[in-house]
Number of protein chains: 2
Amino acid sequence: MSRVTIADVASAAGVSKTAVSFAFNNPERLGQATLERVLGVAHDLGYAPHPAARALSTRRSGTIGVLIPQRLSTVFANPFVSELIQGLGELCEEHDLAMLLVPPLDGSLETAIRHASVDGFISLGLTPDDRALEVIESLGTPAVLIDSEDSSDHPVVNVDDAGGAAAAANHLLALGHRHVAILVLPPARAQMGYTPTANRRLAGYNAAIEAAGAAPPLTVTAGISVAAGMRAFDSLPNGRNRPTGLLAMSDMTAVGVLSAAQTAGLRVPIDLSVVGFDDLPLAAWTNPPLTTVRQPIVDKGRIAARMLIERMNGRAVDSPAPLKTTLVVRASTSEAGNPDLPNAGR
Amino acid sequence: MSRVTIADVASAAGVSKTAVSFAFNNPERLGQATLERVLGVAHDLGYAPHPAARALSTRRSGTIGVLIPQRLSTVFANPFVSELIQGLGELCEEHDLAMLLVPPLDGSLETAIRHASVDGFISLGLTPDDRALEVIESLGTPAVLIDSEDSSDHPVVNVDDAGGAAAAANHLLALGHRHVAILVLPPARAQMGYTPTANRRLAGYNAAIEAAGAAPPLTVTAGISVAAGMRAFDSLPNGRNRPTGLLAMSDMTAVGVLSAAQTAGLRVPIDLSVVGFDDLPLAAWTNPPLTTVRQPIVDKGRIAARMLIERMNGRAVDSPAPLKTTLVVRASTSEAGNPDLPNAGR
DNA sequence: ACCGCACGATAAACCGCTTTACTAAAACGG
DNA sequence: CCGTTTTAGTAAAGCGGTTTATCGTGCGGT
């Protein structure tokens, strides 16, 4: 019942293990006749080299690891990750690589990293000083960071978060909104500051608002989920103090706001304008369709994977310029209503 | 620069490799003093056993493989997979397992399977006679099938597709729809028949329609994507031959229909009722919110993972009864309009 | 007839860890 | 005080491949 090994093939074909190995990895070193015979026997026996043995001896696993900063069930609730994986996946398939999801192992991403048999890591949203990255460093495994800060150690692929955020804020400001609230992303991992991404977006929002001379915005922390968006909406001040425009750092959060606002009896966008971030596919189908900042998530994955593969092949790469973000105006934003009119009740 | 190995730790601690190994895997076989010393040295050196070496020698990789029947970019465009991964992920984290995504390797799932270093496989939507499963068989790796047919070889976790489909069809019929079309899922892999899932749902729809004595439904093949849904809608007969009710086998397809129908000037649900399948989270936010058949996707993942882990530990498990599906009525369905009235144009 | 050289194939070391004997020393029982 | 367990630790044999260095052989050249 046990797996057919290289020795089985060798003896069945009447050659040495070396010959079998060469048949697969170095065919030109074998005579035509034996090559075919070995390959034939191997195929008949259904032989395939044991991945772990191969990995041990070649020091290559043919796998890239994707560091999941939180529990899989929370991270995969955000379609952002799916998009990213589509991009990463494209390159993986192109290069015959498998993809290992690496979530924290009993709470520790560091130990998970140590246990992962991969040739390279993609990290999502970790600050360059995260302990996890030190471990990767000490392992000598190449890595590419997505949504991080420029770091001397690893190349980073980012988008123009600040620019996108500013565009979103300016959009609301141009529509006459003067009372705006920001829904800021929580830290990726416990007891750390905002993620680099959140910081840049926050800066972008604030800069635009300040430049317009509007009131400093209210900021509320809201996770990346519909439920978090609903909670965030509910925690907003009510009545005439309620902001007329909301800047969410994630489409999922924005969807939650949409939903909570409407069940509270508000009309979107008439009573409340909301703009998201990401432009996930679902942003086009929400009710109303979501105005949001588009970032090229799939590209991000593609580019990061391409860079990682380069690094895995020993070539140096440097971080590309931040990818463009663009505001996509749909139907969740409109002119600010007259704040003196009574709003629909809650 | 090279990785710190067990020999390094051994010599640094003045013991044998065996002792170091015992320190981690068999602590009780070491004296208190040496145990602590070894552990200390190992920690200081940042030692972690090489995963491949460990896997080779223990014949365990601490990883489960998820067979992706198509390209990652197409499969992950369907939030269904994200949900499933959330379920699988919960159990993986609980049992300290990593998760390897295994898409076809140059077009062949079989070779991808051979190259995957995993302790077990989860398969999505493969028929029990798929060649891929034979390979798994020959490897002696345990597997659990999701959305397949009962098979003597592997346990299967399914939902009550037929029941759900019948409920959906009956819903439309009860609303007076007599002219209904079915959007059936395409085969999972080239040159194969419908997926087991598609077959069961089709049977459920047809049984209900037949029982109601309604006209045999038009069936159109439509992939699981918004674009496919849009195409499917466009391919429908126009004018008074256009069905008044649509049964989609996936929420994504249904969303595409929603969108295409509305841009064609139809009002949903007045001119066209559509019901999806899955009850993905996004079904609640579409415009209008989608009537759909709910299946417990996350549970499916959880249960499948639990079963696989049991099997990996040598215990036999048998397939559970199909999980319940329930119709969730939202706003994309309503009474059939009078077919004699002119419909809004296309 | 001899030398040198491709060519084809192989033996053996190695990758880094686990685990099965096996041994030396210490504890124990009578 | 001696034989018998226990305890603490080790040497060495795998696990299943890859790869370097080596070895026959048949062949062309002079």
Side-chain angles (χ1 to χ4, degrees), chain A residues 1-39 41-42 45-63 114-119 138-141, chain B residues 1-39 41-42 45-63 114-119 138-141:
Chain A
M1 185 36 142
S2 96
R3 184 162 187 142
V4 29
T5 136
I6 198 174
D8 299 337
V9 178
S11 73
V15 294
S16 68
K17 295 192 314 177
T18 312
V20 180
S21 178
F22 280 163
F24 286 95
N25 310 313
N26 243 339
E28 68 279 5
R29 290 199 48 175
L30 250 41
Q32 184 70 7
T34 32
L35 174 57
E36 280 169 12
R37 179 160 40 92
V38 169
L39 252 27
V41 172
L45 263 48
Y47 166 76
H50 191 301
R54 191 170 220 283
L56 178 57
S57 126
T58 60
R59 288 114 169 297
R60 281 234 160 195
S61 64
T63 304
R114 288 216 167 80
H115 287 0
S117 183
V118 301
D119 299 333
S138 79
L139 256 37
T141 311
Chain B
M1 185 36 144
S2 97
R3 187 163 185 139
V4 29
T5 137
I6 197 176
D8 299 338
V9 178
S11 73
V15 293
S16 68
K17 295 192 312 179
T18 311
V20 180
S21 179
F22 280 163
F24 286 95
N25 310 314
N26 242 338
E28 69 278 6
R29 289 201 47 176
L30 251 40
Q32 185 69 7
T34 33
L35 174 57
E36 280 168 13
R37 180 160 40 93
V38 170
L39 253 26
V41 172
L45 263 48
Y47 166 76
H50 191 301
R54 189 168 221 282
L56 179 57
S57 137
T58 59
R59 287 115 169 297
R60 280 234 159 197
S61 64
T63 304
R114 287 216 168 80
H115 287 4
S117 185
V118 302
D119 299 333
S138 79
L139 256 38
T141 310

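Letters A, B, ... mirror the listed sequences (proteins, then strands); counts begin at 1.
Glu36(A) places none of its side-chain heavy atoms less than 4.5 Å from the side chain of Leu39(A). Looking at Ile6(B) and Ser21(B), their side chains come closer than 4.5 Å, going by heavy atoms from C-beta outward.
Across all strands shown, Thr5(A) has heavy atoms under 4.0 Å from sugar-phosphate atoms exclusively, and none from any base. Among the atoms of the strands shown, only primed sugar atoms or phosphate atoms (P, OP1, OP2) are found under 4.0 Å from some heavy atom of Thr58(B). Contacts of Val15(A) with the nucleic acid, taken as non-hydrogen atoms under 4.0 Å apart, involve only primed sugar atoms and P, OP1 or OP2.
Residues of residues 25-35 of chain B having a heavy atom closer than 4.0 Å to DNA chain C, listed by number: Asn25(B), Arg29(B).
The Ala53(B) side chain lies nearest to dC17(C) when the options are dG17(D), dC17(C), dT19(C). Comparing dG17(D), dT18(C), dT10(C) against the side chain of Ser16(A) picks out dT10(C) as the nearest. Closest to the side chain of Tyr47(B), out of dG17(D), dC17(C), dT19(D), is dC17(C).
Distance, His50(A) NE2 to dG16(C) C1': 14 Å, rounded to whole Å. Atom CD1 in Ile6(B) sits about 13 Å away from atom C1' in dC15(C), given to the nearest Å. To the nearest angstrom, P of dT10(D) lies 10 Å from CZ of Phe22(B). Phe24(B) has its CZ atom 17 Å from the C1' atom of dT19(C), to the nearest Å. One atom, NZ of Lys17(A), and another, P of dT18(D), lie 10 Å apart when rounded to the nearest Å. We find that CG of Leu56(A) is positioned 9 Å from C1' of dC14(C), with the value rounded to whole Å. In this structure, Arg59(A) atom CZ and dT19(D) atom C1' are separated by 12 Å, rounded to whole Å.
OP1 and OP2 of dG16(C) both lie 4.0 Å or more from every side-chain N or O belonging to Arg54(B). Side-chain nitrogen and oxygen atoms of Ser57(A) include none within less than 4.0 Å of the OP1 or OP2 phosphate oxygen of dC15(C).
Between Ala55(A) and Ser61(A), the closest heavy-atom pair is CB-CA, 4.1 Å. When all heavy atoms of Arg54(B) and Asn25(B) are compared, the closest pair comes out as NH2-OD1, 2.7 Å. The shortest non-hydrogen separation linking Thr141(A) to Val118(A) is CG2-O, 4.3 Å. Nearest heavy atoms, Arg3(A) versus His50(A): NH2-CA, 3.9 Å.
The side chain to side chain contact (heavy atoms under 4.5 Å, CB included) test with Phe22(B) singles out one residue from Val15(B), Val38(B), Leu30(B), and that residue is Leu30(B).
At a cut-off of 3.5 angstrom, counting only N and O atoms as typed in the model, there is a donor on one side and an acceptor on the other between the side-chain of Thr18(B) and the base of dT19(C).
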